[in-house]
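The structure appears below as structure tokens.
To find a chain, count down the sequence lines: A is the first, B the second, and so on, and within it residues start at 1. Keep in mind it's a predicted model, so treat the numbers as computed, not measured.
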Amino acid sequence: MTATAETSARTSRVGPIARREARLAYAMLLPTIAIVMAIVLLPLAANIWISLKPVEIADLRPPALLANERLRGDLEAEGDEGRIQYRLRNSSRDIALAATTLTDTLPDGLTPFNVDPRCTVDGRTLSCDLGAFGPGERGEVEIPVRAGAAYVADPANPRDSEALTTADAPNVLTNLHFTFDNIRAVFSSDEFVNVLVVTIVYTFFGTAGAIVLGVAAAQLLNRDFLGRPILRGLYLFPYVAPVIAMAFTWLVLFDPFSGSINAMLSRMEVVGEPINFFGTRAVPVSIFGLEFGFPLALAMVIAFEAWRYFPLSFLFILARMQSIPTDMYEAADMDGATPFQKFFRLSLPQIVGIIAVLFLLRFIWTFNKFDDIFLLTGGAAGTRTLTVDVYYQGFAIGNLGAGAAVAVVIFVMLLIFALLYFRALPKEEGL
Amino acid sequence: MSVATDHAGPAPATRREAIRTPVPGWLVAAPMGLFWGFVLHIVGGVALTLVTGVAMTPAAGAAGLAGLVTALLIAWRPVAERTLPFLVVAGAVFLVVLFAAAFAAPYTVGLGTAPVGEAVVLALTAAGLVATLAVSLKPLTLGRQSRRTTETALAASLGIFGHLFFAAIVVLPFYVLLMTSFKTQQALIANPLDLSIDLSKGLGLFTSYLELFTTYDFGRYMLISFVVSSATVLICLAFAVPGAYAVARLDFPGRQPLSRSILLIYLVPAIVLVIPLYAVFSQLGLRNSLVGLLIVYPATTLPVAIYMLAGYFRGVPRELEEAGLMDGLTRLGVIRRITLPLSLPALTSVGLYVFMIAWNEFLFAFMFLDDPKIFTLSRAVVSLNSSEVPRQYLMAGAVVTTIPILFLFLLAERFMVKGLTAGGVKG
């Protein structure tokens, strides 16, 4: 808070020194602002733009004029005549090309004559202006040539120099053709409600699970004993190790055919058939006659999330616990407090602030999580969250516009969470 | 000392209640013994199965009964007389009851399948059970107990269980990861439970790794990952140091909103950026290239780096910098000569944290890189996930990706932990 007061006090008397300092600050921040603008903020805005465009992943390769070059005729002696033939085709079946050109370098020793009126030859360089090409249109350019001594002595294939073409085509990303199809497609599908529900369930339980595990681990290590530093390091392993390694380990461990867990369960006769943990949408369960489908795959990805991220909440909560003054516990001991009373009435009220902040932050991050689910299930079996849906729409189906529309939904929800976060954030937690 | 009583203790009503509750000691000891007999016998059975590869089905019910009897025996003995010889006897009682209740087959397969292993594990189970119960039941006897004694016993049990639980969930996946990488596909399918290591194969154990580094070119990918991660750290710090210093120390209009928005940008997920970046990078020819990654990685780690460094720079005493300014140093001189040398630990933490993010990064590497010549490790491991590649290669690839980062973590744990706590709100 003093910093704010200081700032306002200083800016009120802007002198040359202050102005120089401000200039220096801007100069120091400029590179960062530029790169963050280009790679983070611009793409954020671009998402909205792309979500309004009928653009598929195949459209990203711009249409081009394809040229196929070959030499016709036998050129075995000096003075023999032949022709270099360019077969041309517009690579796109939908988009017309304008102002197309072709340039090529002719092999040494070949003299062109009767050159096509669209082309000019300057030394060995051939350049042609070929005008417009309709969608899928084909064309041909022929350059008659006469062989010279140099060519006969050392015949070069005309293909050795690649024929280069240029063409003007409307860019799918920058043209002004808009549509609401993507947004309509995303919001009107029955799947979308399902995706939203899965996202919220995954985010809530994943976050809560990680925090509960974190509190338990922190409580365990909040005492001095031999080997505590080792355990603290060990408990951080799931978070530090790369996500691909951990995801594949879980997949192998829980594999229905060659996984240890299934083998153990069936050998110990707990289950009859092997369970496909990451591929089962729902397991029928009946409790007190109430039948419902337990979402097994979703529960598994939630368990993975809680397992992989408990180290983070553990670190924060342990740090907070260790800053609780010990005399409070000594006083409680004097008064005959039981261990559970000490935990629920002393420790918990002390860490509840950090838990709240952690919950909100981890909630946002779990909401944003893509890698884990993508690697574990690919979004199958009822585990498709919004982030996985971006991939599914944009790359699996190939409709970039629809993917971007989902990304916009994510971003809007994120803004709401962030607002909540800044409202709720108690400043003294210092996160 | 009167100090202690000055603090807020439990309310008087609770204090009175705490002295005596109508729970007799046997009602605590019995379920505790049941639980531990049950759990430890299963743990022993699972461990035995994993090490020998022979399926052992522990007779858990019988073990629960035996644990119950043992717990009552321990609780019956006066606290002062629970000596080591007595505890040995208690362990023997556990084994006797277990054998009697399980009809001499504690692991159903019958004794003799792996006699040495079974004997060792049974002895360990009994010892573990007696030790756990002795610790948990320390102040407890069979008669009526104060609530504090009861809860202390429960809390001790819970603590031991917690340690077992966390050790299991953290160690087991890493153990499976490592052991699977030493197996062959046939062995994996033939007996998924056999996670023992066959030392007689000698160097043959490392076949998968050899194959990985020869056929699958993992040496190259490791080098690429290392170069990309290191370059990301350097670029990121080069941008972040001046930026963080400006935010932390210099006054300029718009400082407050700027430092706020750093945190906000930090919350933007990669998946929201991936479509526009994919589209634009494709058209610029940056997509299938390491240059593209070297633009994206620093840009996405910059906010967190600035956030962390600015926090540290604020902690550098202003007086030191002002003294430098007085002595004729320029601002840049102050940063180079005073602030940076003092911030080396923070730079290390941030650098390691960024290195870890870049090394572990999956999404952009997966979306951008198509050419096997320029894969990073993460991308290369994903390419091994196909039905044509034996599983153990995938696991060996995962190990190769994991070991360097875990090694770095153990080497510089202090700095890493600082980085994780400062930046760990993300991940």
Side-chain angles (χ1 to χ4, degrees), chain A residues 7 10 21-22 24-25 28-29 31-32 35 39-40 43 46-47 60 173 216-217 220 233-234 237 240-245 248-249 252-253 258-260 263 267-268 312 315 328 330-332 334-341 361 364 368 370-371 387 390 394 400 403-404 407 410-411 418 431, chain B residues 4 7 9-10 15 18 55 57 147-148 151-152 155 162-163 166 169-170 173 176-177 180 188-189 192-193 239 242-243 246 250-252 264-265 267-269 271-273 275-277 279 282 296 299 302 331 360 362-363 378 381-382 394 398 401-402 405-406 409 413 420-421 424-427:
Chain A
T7 312
R10 288 199 183 179
E21 193 169 287
L24 179 66
M28 287 165 92
L29 277 165
T32 298
I35 191 170
I39 304 299
V40 181
N47 257 320
L60 287 181
L173 291 176
L220 284 177
L234 191 70
F237 272 26
V240 176
V243 58
I244 42 147
F248 285 132
T249 304
V252 164
L253 196 57
S258 61
S260 308
R267 293 277 182 87
M268 291 183 173
L312 271 182
L315 260 187
M328 274 173 62
E330 285 159 14
M334 289 271 194
D335 287 344
T338 71
F340 292 111
Q341 281 173 333
L361 263 178
I364 294 176
N368 286 347
F370 167 79
D371 305 1
T387 50
V390 172
L400 284 182
I410 293 181
F411 183 62
L431 278 175
Chain B
H7 292 276
R15 204 181 302 171
T57 312
R147 177 167 161 193
R148 193 175 179 186
E151 280 192 16
T152 308
H163 279 296
F166 276 104
I169 64 166
V170 173
V176 169
L177 169 64
T180 316
L188 274 179
I189 291 173
L193 282 180
F239 281 77
L250 301 180
D251 279 337
F252 56 93
L264 209 63
I265 290 170
L267 297 176
V268 173
I271 190 76
V272 171
L273 308 179
I275 287 183
L277 287 179
S282 290
V296 175
L302 249 177
R331 268 290 175 190
N360 291 351
F362 162 73
L363 176 61
S378 288
V381 173
V382 175
L394 175 68
T401 315
T402 309
I405 200 73
L406 282 189
F409 171 72
E413 192 182 328
L420 288 182
T421 15
V425 285
K426 173 161 182 160

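Looking at B:Ser282, only its side chain comes within 4.5 Å of chain A, counting heavy atoms on both sides. Only the side chain of A:Ile364 comes within contact range of chain B, with at least one heavy atom under 4.5 Å from a heavy atom of that chain. Heavy atoms of A:Phe340 lying under 4.5 Å from chain B belong to its backbone as well as its side chain. With a 4.5 angstrom heavy-atom cutoff, B:Leu177 touches chain A via backbone and side-chain atoms both. For B:Ser378, the parts sitting under 4.5 Å from any heavy atom of chain A are the backbone and the side chain alike.
If you tally non-hydrogen atom pairs under 4.5 Å between each of A:Ala217, A:Ala404, A:Ala418 and chain B, the highest count goes to A:Ala217. For the options B:Val296, B:Val382, B:Leu406, heavy-atom pairs under 4.5 Å to chain A are most numerous at B:Leu406. Ranked by non-hydrogen atom pairs under 4.5 Å with chain B, the options A:Pro242, A:Ala22, A:Ala46, A:Ala407 are led by A:Pro242. The candidate from B:Val170, B:Leu250, B:Thr401 with the greatest count of non-hydrogen atom pairs under 4.5 Å with chain A is B:Leu250.
Distance CD1/A:Ile35 to CZ/B:Phe239: 4.5 Å, rounded to 0.5 Å. A distance of 8.0 Å separates OG1 of B:Thr180 from CG of A:Leu253, quoted to the nearest 0.5 Å. Distance check, rounded to the nearest 0.5 Å: CZ of B:Arg331 to CD of A:Glu21 gives 4.5 Å. Separating the CG atom in A:Asn368 from the CD1 atom in B:Ile271 is a distance of 10.0 Å, to the nearest 0.5 Å. The structure places CD1 of B:Ile405 at 11.5 Å from CZ of A:Phe237, a figure rounded to the nearest 0.5 Å. In this structure, CG in B:Asn360 is found 8.0 Å from CD1 in A:Ile244, a value given to the nearest 0.5 Å.
The heavy-atom pair separating A:Gly394 from B:Ile275 by the smallest distance is CA-CD1, 4.3 Å. A pairwise comparison of heavy atoms in A:Gly233 and B:Glu413 identifies CA-OE2, 3.5 Å as the closest pair. The two residues B:Pro173 and A:Thr249 come nearest to each other via the heavy atoms O-CG2, 3.1 Å. Taking both residues in full, the closest heavy atoms of A:Pro43 and B:Pro276 are given as O-CG, 3.2 Å, listed atom of the first, atom of the second, then distance. For A:Gly336 against B:Arg148, the heavy-atom pair with the smallest separation is CA-NH1, 3.4 Å.
Here the side chains of A:Val40 and B:Leu273 are in contact, with some heavy-atom distance below 4.5 Å.
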In sequence, state the C-alpha distance, the side-chain angles, and the governing distance for B:Val272 and A:Val390, and then conclude on side chain to side chain contact (heavy atoms under 4.5 Å, CB included).
-> CA-CA 8 Å; B:Val272 171; A:Val390 172; over 6 Å; no

